[in-house]
Protein chains: 2
Amino acid sequence: MKKLQPRFKLWLNAQNIQGAFGDGKWRLLRAIQTEGSLQAASRLLQISYRKAWGDLKKTQSALGVALVAKQRGGKSGGQTVLTDKGKEWLDAYGRFRKQIEQTVQTAWAKHLGRLAR
Amino acid sequence: MKKLQPRFKLWLNAQNIQGAFGDGKWRLLRAIQTEGSLQAASRLLQISYRKAWGDLKKTQSALGVALVAKQRGGKSGGQTVLTDKGKEWLDAYGRFRKQIEQTVQTAWAKHLGRLAR
DNA sequence: AAGGGATATGTCGAGCTATGCATAACCCCT
DNA sequence: AGGGGTTATGCATAGCTCGACATATCCCTT
């Protein structure tokens, strides 16, 4: 028997839109918070700017909430920062995700620890 | 704000093999148990026989365990049934998955109920 | 006035996954 | 012996997602 380990993926669906929010978008918000720009956030996460931008647009459209405030031009060229709502989502989803992560580990050991040895 | 609902996906990785087991393979085992053949199981799940067969092969190879006993020919043309090990995996993973499912619901309400309203 | 750096978007191609198609082997039954 | 229904497997194709490009716009700084 090979060594096994559990993995999971979490996300949210709106009625018309699949993948309205999720782990990837959450990591993006987190990176935006620490980096201060979408460009830098995409570099940090090793995804294309094109995708980061598209993800952000999709999420905001799906949730109907402005998660970030964006600005073009200026001394630094531009910037993207989280709004208060954005921070709320970042934190709330983070707590949500963490609880699932912990449960996956404990439930894994409890139910499959014997078989997957 | 649109109506949102949480979704999740669970799976197991072996060291060399991604997706050794998971929700899809678990549903396949379950369908095999009730249907008695891979052909019927794939029809029930609305996936191609080709995929069902490939998934089963991949899982058994990755886990190094015979989950099913297959037979060609015969009065019914052939059949596929779960072995004892297969039933153990089906049940154990089912319990594992159910616990995660419940936690997703409660954690969702707890952490995101207010925001996602 | 020109440049720099970031946001904003459309488009084409690569890569991966699932599906469809084709074919073979197998075994009980008529 | 032949047919039916299932397992077994390769291959070619369709679909979808992501990344790479190519531009355009914006505004502060030099």
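Below, chain A is the first sequence line, B the second, and so on; all start at residue 1.
- Taking the ring centre of B:Trp53 as origin, the terminal cationic atom of B:Arg50 falls outside the region bounded by 6.0 Å and 45° from the ring axis.
- Rounded to whole Å, atom C1' of D:dT17 lies 10 Å from atom NZ of A:Lys58.
- Across all strands, B:Gly77 comes closer than 4.0 Å to base atoms (heavy-atom distances).
- Atom NZ of B:Lys75 and atom C1' of D:dG5 are 13 Å apart (whole Å).
- Here the P atom of nucleotide D:dC18 and the NZ atom of A:Lys25 are 8 Å apart, to the nearest Å.
- For the pair A:Arg43 and B:Gly74, both in contact range of DNA chain C, the more 5′-proximal nearest nucleotide belongs to A:Arg43.
- In this model, the phosphate group of C:dC28 is not approached by any side-chain N or O of B:Ser76 to a distance below 4.0 Å at OP1 or OP2.
- Contact annotation: A:Trp53 reaches the phosphate of C:dA8 (side-chain N/O to OP1 or OP2, under 4.0 Å).
- If you take CG of B:Leu38 and C1' of C:dC26, they are 16 Å apart, rounded to a whole angstrom.
- For B:Arg50 and D:dG10, a side-chain-to-base donor-acceptor distance below 3.5 Å is present, hydrogens and geometry of angles not being considered.
- In terms of position on DNA chain D, the residue among A:Ile47 and B:Thr80 whose nearest nucleotide sits closer to the 5' end is B:Thr80.
- As rounded to whole Å, 6 Å separates atom P of D:dA8 from atom CZ of B:Arg72.
- Looking at A:Glu35 and A:Arg43, no side-chain N of the basic residue comes within less than 4.0 Å of a carboxylate O on the acidic one, giving no salt bridge.
- Rounded to whole Å, atom P of D:dT7 lies 15 Å from atom CG of B:Asp55.
- Judged by distance alone, with hydrogens and angles left aside, the side-chain atoms of B:Trp26 form a donor-acceptor pair with the main-chain N or O of B:Leu90 at under 3.5 Å.
- Residue contacts shown for A:Gly73 include a base, since a base heavy atom lies under 4.0 Å away.
- As a whole-Å value, the separation of B:Gln46 CD from C:dA18 P is 16 Å.
- Under a 3.5 Å cut-off, the side chain of B:Gln60 and the backbone N or O of B:Leu67 do form a donor-acceptor pair.
- For the pair A:Ser37 and C:dG5, the criterion of a side-chain N or O lying under 4.0 Å from OP1 or OP2 is not met.
- Between A:Lys51 and A:Gln71, it is A:Lys51 whose nearest contact on DNA chain D lies nearer the 5' terminus.
- Between the OH atom of B:Tyr49 and the P atom of D:dT9 there is a distance of 9 Å, given to the nearest Å.
- Residue A:Lys70 places at least one side-chain N or O under 4.0 Å from the OP1 or OP2 atom of C:dA8.
- Put simply, A:Lys57 has a side-chain N or O that comes within less than 4.0 Å of OP1 or OP2 on C:dT9.
- Ring geometry for B:Phe21 against B:Tyr93 counts as perpendicular: the plane angle is over 60°, on a 0 to 90° scale with 30° as the lower cut.
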